[in-house]
Amino acid sequence: MTTNLSPSTASGSAPKPPGRSPRTRWHLGVNAIVVVWLALFAAVGSGHHFLPHAFWLLVHVLLLGAVTNAIVIWSGHFAASVLRLPEANRGAPAALRLVCLNAGAVGVIGGMLFDRWYVVLAGGCLVAAAVTAHAVWLVRLLRRALPGRFSMTVRYYVAASALLPVGAALGVVMARGDLAGDLPERLRVAHETINLLGWVGLTVAGTLITLWPTMLRTRVADGAERAGRAALPVLLAGLGAAVAGTLLGPPPLAAPGVVGYAAGLVVAGRPWLREARAKAPRSFAAWSVAAGCGWLAGSLIVLSGILVSTTSWITVGERVSLLTAPLAAGWIAQVLLGALSFLVPVVLGGGPAAVRAATVSLERAWPARLAVTNAALLLCVLPVPSMVRVACSVLLLVMLLFFLVLLVLTVVQGMRNRRRAAQGDPPPAPAEVPARPHRVLGGVALGLAVVMLAVAGGGAADVRSLPILERSAATSADGGAVTPTGRTTTVAVTIRNMRFSPASVDVPAGNRLVINLHNTGTDTHDLVLETGARTDRLSPGQKGTLDAGVVGRDLEGWCSMVGHRQMGMVFAVNVTGAGADSAADSGGTTHDHSGAGTSEATKDTAAEAFDPMAEPAAGFTARDAQLPPATGGPGHQVHRRTITVKEVTREVAPGVRQKLWTFDGTAPGPVLRGRIGDTFEITLVNDGSIGHSVDFHAGSLAPNGPMRTIKPGESLTYRFTATRSGIWMYHCSTMPMSLHIANGMFGAVIIDPPGLPTVDREYVLVQSEFYLGRQGGTADAAKVNAKDYDMVAFNGYANQYDHDPLTAGAGERVRIWVLAAGPNESSAFHVVGGQFDTVFREGAYDLRRGGSQSGGAQVLDLAPASGGFVELSFPEAGDYPFVTHVMSDAERGAHGVFRVR
């Protein structure tokens, strides 16, 4: 038998004339909420680079907004249908629950975005209250109804609804912050397990008992209800064991719970497989749901492997984040869109012809859409180049927008058809296209072709190749052709840290050379030969092969990642045999393939353009050095911020431009400020073209996890609690660290000492040196290595406060925080004409105003990466220069002026 899940008119009553019935109006209205949330998800996906907490926002707009609303709406619909109480899921109580739910969702999301925990708490309580009321209503519905064959579905909904408030409570606790050790990771994994596998997973499992055979247009398999009844306790027991293991023990203790949950799904799903064998899926709805279930199965297998393979919850938290896309987009979103494409035509109604027309409209090009969605998502979770991942993400977003457009057009057309039918004008018959095998295969092929074009475009846009002089290896040292021997020399080379091992190989002249490269380091590397032969860029753990062809002369090789060659990542191919001892390659020209500029000055170097006496263009405005006070009250605060790695070309002195690697587009990066006891939760998003990382000196924790290098397109959340005061440096710690800092990747975190008095003005100055490369290029790695710097600046621009002075009033008290960011040079901060009565350096007062001493200080001397502050009052109006008293550095740009009135 098939199961009719759409409410019908009372038995024996005459059919109503076509029109917008109360049932249709209700469903169109409430499902519009889901569509709005999906549209908001698409908007957030389009502009995520400009939004704080973008990854968190994407997940919660989809799951808390669209999916939770869909669950409440459709579980009420299905419960009323299987219990034969079709009108029970509408009316004021149901509307009030939805209002409460959406107000809570907005509160949670808004509270997180604006860092207002009490708003998150209120929103979480509203969500929990709405879902709890939904669970109570479902229980009352069960008690009202006569015993039914599929009442088990409602029991799944009740169990799921009872779990969501628990998951919401864990989420609110995490939002509060101030959690020590690995507790944040434990709570996050438990929160995701309860919400995804409990709230969503149980709802989906209960619904598919009846919805799946209905989609297939076949009868419910014998034993489906018994299987569902037997599976529910197994699912709940597995879920409980997984959550308990997460909160109380090491990761392997939670793995059996995940396996038990998967076993429960197998018990419930065996009838679904029999139904699919009886009648294979032939629609977008069925295939979308099936694909979603496939992603769930794969994710559970991977999750079990993660839990078994590590004893650190911090590591689990990092690895589990890789499952977010497969679970959210692969499983949940596909099941949701598949269900909507099947149910919306039924809700629109209007008779069999109208339902078929609406279904055909929603399933346009469905084989191609499914192929694009799943192939693109698969590439997104694989270790592909960042631009390929971006291209595939865009395809996923386009597929969602395409569905939303189809959905709106279908609803509008369905309403028009109903009005025509009410006026006696029958709607046109749908141009239904049968799902023939060749049409399906053609659509799949088209979708895969679209993905392949996106991959090709993304790969072409990933500018990883640096200038390489292409020269043939099949020549001897004197330029003559070498005679091939027909033999192949195959060597294995391993990357360890920043070295090739072995660093050279011997090859008989005329042999073909094949190098098998294995990256066992912690960063991305490759191997390039001067002939142009190269491997792909290899992530940690990856392997690649370089075929150098027939070799007749000595060859140089290196890693082409910026700065790695200067760090010593070089490789040599030494040819043995005839002609190998003759002179090296003729021409005498030395080529630099590092991409970081050369230390030899040429006419286009930025160093030649630097003139310390040059004036900036009219209207120049210096970087704002004023320091706002720490936010919040005396209680411990949680500071959440998303910092994005961006590559920008900026003027760093009049007429001097450099391509900087930056935190949030500025060098130095944004200044963060707080108090002792405050928690900082910083999400680093890498929008650069190479790997980057971040090291916060203000936090004390093992560096191997939170300070690891992340690839382009990835993100990482760094969490620490400030326990000591001072001005602390943060910087990229990816090797070569000196080059990354020299090229702009540094900033300051200021933690106020207890009882820090207020002052009239407060400034922050970060000193750094520049190793200028070509105009518009990056820092010169060779100069950095040789400590041969060209320019020194406060806050990233030479002499900027000469041209746009800092201001103060005579007699005002001024505090100046100073950080020596280096990467190599120290600072000796001095204000000409001023005397410091307070000096705070590296966490302690050297001199304090009002003390028993009557002395003062003339300089704040700082080694690289150290910092502090000084305080003074200017005795009278005038211009007071400030410098580093390493005077040659002051003359290279570390100079500014206080203008006192």
Side-chain angles (χ1 to χ4, degrees), residues 2-7 24 26-28 30-39 41 62-63 65-82 89 150 153-154 156-157 160 196 199-218 220 228 265 268-269 272 275-276 281-296 327-349 355 358-364 366 369-370 373-374 399-400 402-404 406-408 410-411 414:
T2 58
T3 303
N4 180 15
L5 295 175
S6 61
T24 301
W26 166 264
H27 279 287
L28 288 177
V30 294
N31 281 286
I33 301 173
V34 179
V35 175
V36 168
W37 280 106
L38 287 174
F41 172 77
L62 175 64
L63 301 183
V67 173
T68 297
N69 270 283
I71 288 176
V72 171
I73 292 166
W74 288 104
S75 63
H77 171 79
F78 292 139
S81 296
V82 299
N89 68 318
F150 297 107
T153 292
V154 186
Y156 274 80
Y157 297 158
L196 295 179
W199 168 237
V200 180
L202 292 181
T203 301
V204 170
T207 302
L208 290 182
I209 293 174
T210 53
L211 182 61
W212 178 245
T214 307
M215 285 180 170
L216 298 177
R217 304 187 186 282
T218 187
V220 177
L265 289 179
W272 308 338
E275 291 157 358
R282 295 182 179 179
S283 65
F284 170 78
W287 274 112
S288 185
V289 170
C293 293
W295 281 102
L296 173 61
L327 287 170
W331 170 42
I332 297 175
Q334 287 203 100
V335 169
L336 174 62
L337 298 188
L340 286 176
S341 67
F342 178 80
L343 294 168
V344 167
V346 176
V347 166
L348 286 173
V355 172
T359 301
V360 169
S361 176
L362 277 175
E363 296 200 341
R364 293 176 189 171
W366 69 263
R369 289 158 52 199
L370 275 175
T373 298
N374 289 278
M399 291 299 100
L400 174 60
F402 187 75
F403 176 83
L404 292 178
L406 287 182
L407 186 62
V408 172
T410 300
V411 170

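We're numbering straight along the sequence, starting at 1.
A distance of 10.5 Å separates NE2 of His77 from OG1 of Thr207, quoted to the nearest 0.5 Å. The SG atom of Cys293 lies 5.5 Å from the CG atom of Leu208; values are rounded to the nearest 0.5 Å. Interatomic distance, CG of Leu211 versus CG of Leu216, reported as 9.5 Å (0.5 Å rounding). Taken from CZ in Phe402 to CZ in Arg364, the straight-line distance is 7.0 Å, to the nearest 0.5 Å. The CG atom of Leu362 sits 9.0 Å away from the CG atom of Leu340 when rounded to the nearest 0.5 Å.
If you run side-chain contact (heavy atoms from CB on, under 4.5 Å) between Trp37 and each of Val35, Ile33, Val34, only Ile33 comes through. A side-chain contact (heavy atoms from CB on, under 4.5 Å) with Ile71 is found for one member of Leu202, Leu63, Val200 and no other, namely Val200.
Taking every heavy atom of both residues into account, Ala268 and Tyr156 meet most closely at CB-OH, 4.4 Å. For the residue pair Ala70 and Leu336, the shortest heavy atom distance occurs at CB-CD1, 3.5 Å. Between Leu406 and Ser361, the shortest heavy-atom distance links the atoms CD2-O, 3.7 Å. Residues Val220 and Pro213 come closest through the heavy atom pair CG2-CG, 3.6 Å. Contact detail for Ala339 and Val289: the closest heavy-atom pair is N-CG2, 4.4 Å. Taking every heavy atom of both residues into account, Gly228 and Ile209 meet most closely at CA-CD1, 4.1 Å.
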Before you tell me yes or no, could you show the steps for Ser288 and Leu370 under side-chain contact (heavy atoms from CB on, under 4.5 Å), namely the whole-Å CA-CA distance, both residues' side-chain angles and the distance that decides it to 0.1 Å?
CA-CA 7 Å; Ser288 185; Leu370 275 175; 4.1 Å; yes

Go through the steps to decide whether Leu407 and Leu337 satisfy the test side-chain contact (heavy atoms from CB on, under 4.5 Å), and finish with yes or no.
CA-CA 10 Å; Leu407 186 62; Leu337 298 188; over 6 Å; no

Evaluate side-chain contact (heavy atoms from CB on, under 4.5 Å) for Trp366 paired with Ser341, printing each intermediate quantity in order.
CA-CA 11 Å; Trp366 69 263; Ser341 67; over 6 Å; no

Working for side-chain contact (heavy atoms from CB on, under 4.5 Å), residues Asn31 and Val344
CA-CA 9 Å; Asn31 281 286; Val344 167; 5.7 Å; no

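Using a 30° and 60° split on the angle between ring planes, Phe78 and Trp74 fall in the tilted class, from 30° to 60°.
In this structure, Thr153 contributes its side chain and Gly206 its backbone to a donor-acceptor pair below 3.5 Å.
For Thr359, the side chain to side chain contact (heavy atoms under 4.5 Å, CB included) partners are Pro345, Val355, Glu363, not counting sequence neighbours. By the side chain to side chain contact (heavy atoms under 4.5 Å, CB included) test, Ala79 pairs with Leu138, Leu141, Val154, Tyr157, sequence neighbours left out.
Cation-pi geometry between Arg369 and Phe284 is satisfied (NZ or CZ under 6.0 Å from the ring centre, within 45° of the ring normal).
Counting heavy atoms from C-beta outward, Phe342 and Thr214 have side chains that approach closer than 4.5 Å. At least one side-chain heavy atom of Pro281 sits under 4.5 Å from a side-chain heavy atom of Trp212.
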Between side-chain atoms of residues 327-334 and protein atoms elsewhere (two or more places apart, or another chain), which donor-acceptor pairs fall under 3.5 Å?
residue, atom, partner, partner atom, Å
Gln334, OE1, Asn374, ND2, 3.1
Gln334, NE2, Gly330, O, 2.8
Gln334, NE2, Asn374, OD1, 2.9

